[in-house]
Amino acid sequence: MTDKTFSLTNNSTGDSVELPVRQGAMGPDVVDIGTLYRNHGVFTFDPGFVSTGSCESQITYIDGEKGVLLYRGYPIEQLAGKSNFIEVAYLLLYGELPSKTQLSEFSGSITHHTMINETLLRFFNGFHYNAHPMAMVSGVISSMSAFYHDSMKIDDPVHREIFAHRVIAKIPTVAAAAYKHSMGQPFIYPRNDLDYCSNLLNMFFSVPCEPYEINPIAAEAIDLLFILHADHEQNCSTSTVRLAGSSGANPYAAIAAGVSALWGPAHGGANEAVLKMLNEIGSVENIPKFVARAKDKNDPFRLMGFGHRVYKNFDPRATLIRDMCHKVLKATGGDANGPLFELALALEEVALKDEYFIEKNLYPNVDFYSGIIYRALGIPVSMFTVMFAVARTVGWVAHWLEMIADPQGRIGRPRQLYTGAPLRDYVPVSERD
Ligand code: SDX
């Protein structure tokens, strides 16, 4: 708490209030309005939480004006260039970069939790072959609470750590099983001799009838994408996990809620929507027509992969992913399904010169280029958001752990501005018109 205060005056009653101001380690100060309703009988109103801090956190910091993203204080560019996903997962969960021993033990624990219960594996046979993979993943993750009872006591730190390692270890296996089910192919078991991202590729693409050779560039690209998608402060799906977890729901249910929230095209579903949009645009000649549609208030079409609630500058992740696109396309023989990367580069160039996008600070976000890489690696569009969920599970778990351990924690329960019918008496149907 600082000794700074924020004054509010209710001009209709003359009532004025001094609200305490809290200062973080970085970023804007916050005005603590926790006593506003109790002492002054008014709510604040902020649909979409544009100006509202929902919690205190020490995990990730974003400066949207400068395009800065820090995981536990470390710049995303440094982590992307020098670390790997498992090490970043440890950093997000425990707050510090691991020692060699800590990294080896953490990595070993994750590796030895990658299998899922055979009965849980059979759940996939209950889905229609063309079920959206996100429906399968959210259903199976939620069902984990029916199997793993040794990690459900949320007030037991040992249970919490087992849950954290277990769900991070198993989410790639669940993702790969959803993919294999949709392909009608046999499930491939995890292999303990492979690193996290190579294991995922093997579970996705190997088949029993021939050896599968993992492309190291593909594993490197997945590792980078997972680092960049691992966490992002209080985004929609992470806030959903915190809110679901605040009721004391079991952690698997909270993560499943996050999977569902991520699915939306305004959030993690955007990467899938970007590829569909690029295919719909089809050629560079059509770009002006679609940019015009994106600017037309009467047209619901939006440029998917553009814009962000927080970044009013380049999303630093988009820049890093765009650079990786060049490397992956070169290593995998180019744009297998047509020149979508060239089209994406051209679209970015046109949009960034357009007055509308400049005025509204609309830049490519993390989802704009990620699908280009996934597609080049042979991952189908329907699996793009699942890949986002695999990476973001680390951030969801880190925030769930932080929320559960908060001694000030309480159930999240926002209020509202009621504009519905005033008080009225019931009229029996016999007396109604
Ligand atoms: C992710 O929060 C996170 O951190 C999310 C994420 C993470 O890592 O967790 O970064 C991941 O979800 C990235 C965003 C992926 N979504 C998309 O790419 C979908 C397309 N983008 C938009 O739907 C939109 O930009 C949002 C949802 C990302 C942000 O929406 P906001 O903050 O609510 O902004 P807004 O809708 O109020 O837009 C502000 C203005 C509006 O015009 P006006 O009403 O002021 O005239 O900008 C316009 C919008 O119409 N606008 C766009 C646009 N995005 C915003 N116009 C055309 N194309 C777009 N993409």
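Hydrogens, waters and symmetry mates play no part in the numbers below; they use all other heavy atoms, side chains included. Residue numbers count from 1 along this sequence. Both counts, for ligands and for their atoms, begin at 1 and track the order of listing. Keep in mind the model is a prediction, meaning the values are calculated, not measured.
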Side-chain donor or acceptor of Asn199 paired with backbone N/O of Tyr196 under 3.5 Å: no

For the residue pair Ser145 and Met152, what are the closest heavy atoms and their distance? O-CE, 3.4 Å

Could you tell me which atoms of ligand 1, counted from 1 in the order shown, lie closer than 4.0 angstrom to a heavy atom of [X]?
X      : answer
Gly305 : 17 (C), 18 (O)
Ala270 : 15 (C), 16 (N), 17 (C), 18 (O)
Ala266 : 12 (O), 14 (C), 15 (C), 16 (N), 27 (C)
Tyr356 : 48 (C), 50 (O), 52 (C), 56 (N), 57 (C)

Heavy-atom distance to atom 35 (P) of ligand 1: which of Arg302, Lys360, Arg309 wins? Arg302

When you measure from atom 52 (C) of ligand 1 to each heavy atom in Val50, Leu228, Leu362, which option holds the nearest one? Leu362

Do any nitrogen or oxygen atoms of His308 come within less than 3.5 Å of a nitrogen or oxygen of ligand 1? yes

If you measure every N or O of Phe306 against every N or O of ligand 1, does any of those distances drop under 3.5 Å? yes

Determine, using heavy atoms of Arg392 and all atoms of ligand 1, whether some pair is separated by less than 4.0 Å. yes

Within less than 4.0 angstrom of ligand 1, does Phe301 place any heavy atom? no

One thing to verify: whether Asp155 and Lys153 come together as a salt bridge, which I'm taking to mean a side-chain N less than 4.0 angstrom from a carboxylate O. no

Look at Asp29 together with Arg22 and state whether they make a salt bridge at an N to O cut-off of under 4.0 Å. no

ring-ring contact (aromatic ring centres under 6.0 Å, His included) partners of His159, counting only residues at least two apart: none

Among pairs that include at least one residue of residues 216-230, which meet salt bridge (Lys or Arg N to Asp or Glu O under 4.0 Å), considering only residues two or more places apart or in two chains? Glu220-Lys327

